[in-house]
Amino acid sequence: MSKAAEIDLASVTKRYGSAVAVDAISLKIPAGTYCCLLGPSGCGKTSTLRMIAGHEEVSDGDILLGNTMVTHLPPARRGTSMMFQSYALFPHLDLVENVAFSLRMKGVPKDERRKKAAEMLHLMQMDAYATRRPAQLSGGQQQRVALARALITDPEALLLDEPLSALDPFLKIRMRAELKKLQTQLGITFVHVTHSQEEAMALADLIVIMNAGRIEQAASPREVFEKPATAFVARFMGDHNVVSGRSAGTTDGLAQLAVPNGGSFAATGAAPADGQPIDIAVRTDRVRLGQSEARGLGFTGTISNIEYRGSSVKLSVDGAGIEDFTAIVDERSFFEKPVSVGDAVPLSWDAGDAIVLGRSAT
């Protein structure tokens, strides 16, 4: 396979008429990284991927692949290969001819391209199906063929546009493991667009969270989970409660936040000037049922919903100037002292499980 290449986006913007889809983003994806572009629909992640591939023109800024400026190069000359969401296989061709198609377009002799296609099908454990047509395959098998076709050109980077979205939930999990194994085996850079937080956390070395055409955070899965950069990231990833209010200075080394009804909370981090807006995040899985021993590290609220999740129970709680506050509690401890919808319950957490968030990039 080709050597992996670093991808460098420098102030890249994409406009469609007066609409800005991608707004001056800068990003370095190290060589050999599995990178997931993550965000809600319309955040600019697919436009970013298509600009890296050369299927969309860059309005402003530059894209480098390794030491090569590829901003204005056609897709075939970039050293990248793209696997489309629909797989886009040719229904009238068998699997060998489907996989060999790009080599055929490059004028590679028939025997040579068929030999290389057979090698790629073997890599994907699809050699037994070589004479079949795409309609005779399952969704997971079609995906493997599309991967083989994308990899036959020895790309320095493989670009994947929501490659698992058409698969059923069980197959998604299996193919996720196969994608990660394949990327490790090949050692090339993968850039994978998804709107699934779980998928990104399972696959990525680097998660790039986008919102309204900008990057909110680019970090490892653990850092995104432990230290979300902004309120948007904390809410989108779903592992933190976000409490918004006004700064009330610092007490005992903790930033203080006042919420509209007079409640107050404390968090680890630097507080902005008094009266300035401040967001804090509280880990959902670190919230306990029980009275807080420290001021600002808990409140009493009313349970509005209970969801049993097997090993854990999700509680939704309203109160203290905040709505839909989530606590994920251990199943055993919940059923030792069960509570019901409508009950008033005290919640608490430790100072290290509440952090001050940065302001949004948008």
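These values consider heavy atoms only, across backbone and side chains, with no hydrogens, waters or symmetry-generated copies.
Connectivity analysis of hydrophobic side chains (ILVMFWY, heavy atoms under 4.5 Å, direct or indirect) links M69 to L64. Other cluster members for L254: none, since no ILVMFWY side-chain heavy atom sits under 4.5 Å from it.
Legend: salt bridge (Lys or Arg N to Asp or Glu O under 4.0 Å) pairs involving residues 89-106, not counting sequence neighbours, sorted by first then second residue: E97-R114. Residue pairs satisfying the salt bridge (Lys or Arg N to Asp or Glu O under 4.0 Å) criterion with at least one member in residues 313-336, sequence neighbours excluded, are absent. Pairs of residues two or more places apart, or lying in two chains, never qualify as side-chain hydrogen bond (donor to acceptor under 3.5 Å, both in side chains) while including a residue from residues 245-255. Note on residues 138-151: pairs passing side-chain hydrogen bond (donor to acceptor under 3.5 Å, both in side chains), not counting sequence neighbours, are Y129-Q141, S138-Q141, R144-E178.
Q217 places a side-chain N or O within 3.5 Å of a backbone atom of K227 that can act as its donor or acceptor partner. The closest donor-acceptor contact from the side chain of E307 to the backbone of L315 lies at 3.5 Å or more, if one exists at all. Looking only at distances, a side-chain donor or acceptor of T284 sits under 3.5 Å from a matching main-chain atom of D239.
Legend: residues meeting ring pair (Phe, Tyr, Trp, His ring centres under 6.0 Å) with F325, ordered by chain and number and at least two apart, are F299, W349. The side chain to side chain donor-acceptor pair (under 3.5 Å) search around D161 returns none, not counting sequence neighbours. A search for side-chain contact (heavy atoms from CB on, under 4.5 Å) contacts involving S102 returns I152, T153, not counting sequence neighbours. Shown here are the side-chain contact (heavy atoms from CB on, under 4.5 Å) partners of L73, two or more places apart in sequence or in another chain: T68, V70, R77, R78. Listed by chain and number, the residues in a ring pair (Phe, Tyr, Trp, His ring centres under 6.0 Å) with F90 are F101 (sequence neighbours excluded). Applying the salt bridge (charged side-chain N to carboxylate O under 4.0 Å, His left out) rule to E56 yields the partners K14, R50; only residues at least two apart in sequence or on another chain are considered.
Taking the side chain as every heavy atom from C-beta outward, H72 and V58 never approach each other to under 4.5 Å. Side-chain atoms of P228 and L357, non-hydrogen and from C-beta on, do get closer than 4.5 Å to each other. D350 places a side-chain heavy atom less than 4.5 Å from the side chain of R288.
Residues S244 and D279 come closest through the heavy atom pair OG-OD1, 2.7 Å. Taking each heavy atom of A5 and T189 in turn, the nearest pair found is O-OG1, 2.8 Å.
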